Amino acid sequence: MRWYRANGRHDLPWRLTRDPYAVLVSEVMLQQTQVDRVKPYFVDWMERWPDAASLADAEPAEVIRAWAGLGYNRRALNLHRAAVKVTDRFEGRVPTDEDTLKTLPGIGPYTAAAVHCFAGERRTPVLDTNTGRVIARARLGAADMRTAGDRRTREAASELLPSRGARDWNLALMDLGAMVCTARKPACDRCPLRNGCAWLLAGSPVAEGAGAAAVRFEETARFARGRIVDALRERDAMETLEIADLLPGAHAANVDTYLGGLERDGLIERLPGTERSWRLPGKATGR
DNA sequence: AAGACGTGGGC
DNA sequence: TGCCCAAGTCT
């Protein structure tokens, strides 16, 4: 905690508020996404849609456009859906109860715990890739959370959680994991836990390479889907054929598959009254 | 319960 | 250059 007070990222925009909606927006943006990239998006977002009700009122298409560059576009859609649900069911107030939060689309164990703790200032372990790695290494001597096992890491996180000041505790663990106890090149020489670290004691074991990555990313459906949504961000609508034309290499032959998948996810829809014209989704009719 | 799901930066 | 990684969730 002494290290955190002196070195923590206390000025992050989403740490200066306890507004559950603001914290939720930041947490969703931060899913699998680094702090530096999120910052400007978060500030712009809060200016444009300062509360759940205003976000609920927005066109899904505009929400998806505002998300450009953040990746994992379904997060944008789920955040919008969550705002609609919160507006309809909870009078526009984002809940801070973990179980209630988990009923919202796109909110899993991590995000529910984060909003509960960071906005609600309630005592609960917040386990993510950072805090998980710190605990797995420092307490269990494992390479990471994966190696240590989810179960054991969760148990250790619960045992370590102080009875008071859980918010700062979790934020401290998070900053330590992001700034010092990093995945690739941990700076153990300036780590406040270096003297009692089980991982250091065990000889700093490294996890086995995840492998995979057999095909180039550019060959994956994920890449093609990203191109399609991105193209639609700049236009009102496009024909299937136009979309096929802008896809590189063998992707053109799979347009229908990609479009079908994106439609099922709700990231695109057919232009009303047409069969091969596509656009980003408009407001759902009748709710 | 593996695999899908975007994008950009670091080394 | 190419691979790894980043405040996860859903199916």
Side-chain angles (χ1 to χ4, degrees), chain A residues 8-9 12-15 22-42 64-79 81-82 101-119 124-135 143-146 149-150 153 157 167 170-179 181-187 206-233 257-258 260-262 264-268:
Chain A
R9 297 172 290 183
L12 260 22
W14 46 88
R15 289 190 185 177
V23 172
L24 174 60
V25 169
S26 74
E27 290 303 339
V28 172
M29 286 183 172
L30 286 161
Q31 287 169 8
Q32 299 281 282
T33 310
Q34 298 176 107
V35 165
D36 286 338
R37 191 137 51 96
V38 168
K39 275 185 196 166
Y41 284 88
F42 174 78
I64 292 169
R65 289 194 172 97
W67 202 263
L70 274 178
Y72 288 135
N73 298 310
R74 61 176 77 189
R75 288 185 296 167
L77 201 55
N78 282 153
L79 189 51
R81 288 170 174 162
L101 281 161
K102 276 190 273 193
T103 67
L104 299 173
I107 299 185
Y110 164 75
T111 305
V115 173
H116 183 71
C117 181
F118 301 154
T124 191
V126 177
L127 217 44
D128 74 330
T129 187
N130 293 125
T131 63
R133 186 175 51 247
V134 171
I135 290 168
D144 54 28
M145 195 171 12
R146 195 83 170 148
D150 287 4
T153 308
R167 181 176 188 274
N170 284 317
L171 291 175
L173 240 30
M174 209 165 269
D175 284 357
L176 192 60
M179 303 165 69
C181 192
T182 56
R184 207 90 62 94
K185 208 179 57 152
V206 293
E208 295 304 318
V215 295
R216 293 172 46 228
F217 180 71
E218 287 70 22
E219 309 295 324
T220 65
R222 218 152 144 183
F223 171 80
R225 287 169 53 115
R227 298 307 95 227
I228 294 172
V229 171
D230 223 18
L232 254 18
R233 281 190 172 108
T257 305
Y258 302 144
L262 287 166
R264 184 172 46 74
D265 291 341
L267 282 167
I268 65 172

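Naming convention: chains lettered A, B, ... in sequence-line order (proteins, then strands); numbering from 1 in each chain. Bear in mind that the values here come from a model prediction, so they are computed numbers and not experimental data.
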Base, sugar-phosphate, or nothing for [X], non-hydrogen atoms under 4.0 angstrom?
| X | result |
| --- | --- |
| A:L12 | base |
| A:T33 | base |
| A:V229 | nothing |
| A:L70 | base |
| A:G71 | base |
| A:S26 | nothing |
| A:R15 | base |
| A:W14 | base |

Shortest non-hydrogen contact from A:A178 toward A:R9 = CB-NH2, 3.5 Å

Using whole Å, report how far [atom1] of [X] lies from [atom2] of [N].
| X | N | atom1 | atom2 | answer |
| --- | --- | --- | --- | --- |
| A:L267 | B:dG6 | CG | C1' | 11 Å |
| A:Y72 | C:dA6 | OH | P | 12 Å |
| A:F217 | B:dG6 | CZ | P | 8 Å |
| A:D36 | B:dG10 | CG | C1' | 12 Å |
| A:F42 | C:dA7 | CZ | C1' | 13 Å |
| A:I228 | B:dC5 | CD1 | P | 11 Å |
| A:N78 | B:dC5 | CG | C1' | 11 Å |
| A:D265 | B:dG3 | CG | C1' | 14 Å |

Taking atom [atom1] in both [N] and [M], compute the distance separating them and give it to the nearest angstrom.
| N | M | atom1 | value |
| --- | --- | --- | --- |
| C:dA7 | B:dC11 | P | 15 Å |
| C:dT1 | B:dG8 | C1' | 16 Å |
| B:dC5 | C:dC5 | C1' | 16 Å |
| C:dA6 | B:dA1 | C1' | 23 Å |

inquiry  = Taking the cut-offs as 6.0 angstrom to the six-membered ring centre and 45 degrees off its axis, would you call A:R74 and A:Y72 a cation-pi pair?
reply    = no

ask   = With no hydrogens and no angle check, do the side chains of A:T131 and A:D128 hold a donor and an acceptor under 3.5 Å apart?
value = yes

query = Do A:Q31 and A:Y110 have side-chain atoms, one donor and one acceptor, less than 3.5 Å apart?
reply = no

message = Does any part of the side chain of A:N78, heavy atoms only, come nearer than 4.5 Å to the side chain of A:V28, both counted from C-beta?
response = no

Do the side chain of [X] and the base of [N] come within less than 3.5 angstrom through a donor-acceptor pair of N or O atoms?
| X | N | answer |
| --- | --- | --- |
| A:R222 | B:dG6 | yes |
| A:R74 | C:dT9 | no |
| A:R184 | C:dC4 | yes |
| A:Y110 | C:dG8 | no |
| A:R9 | C:dA7 | yes |

note = Closest to the 5' end of DNA chain B, once A:R227 and A:K185 are matched to their nearest nucleotides, is A:R227

ask   = If you pin A:R146 and A:Q31 to their nearest nucleotides in DNA chain B, which one's is more 5'?
value = A:R146

inquiry  = Of the options B:dG8, C:dG8, B:dG6, whose atoms approach the side-chain atoms of A:Q34 most closely?
reply    = B:dG8

note = Of the listed C:dA7, B:dT7, C:dA6, the closest approach to the A:A183 side chain comes from C:dA6

key: Trace of the side-chain contact (heavy atoms from CB on, under 4.5 Å) decision for A:W14 with A:V38   = CA-CA 10 Å; A:W14 46 88; A:V38 168; 3.8 Å; yes

inquiry  = Rounded at 0.5 Å granularity, tell me how far CG in A:L101 sits from CG in A:L24.
reply    = 7.0 Å

Short side-chain N/O contact from A:R225 to OP1 or OP2 of B:dG6, under 4.0 Å = yes

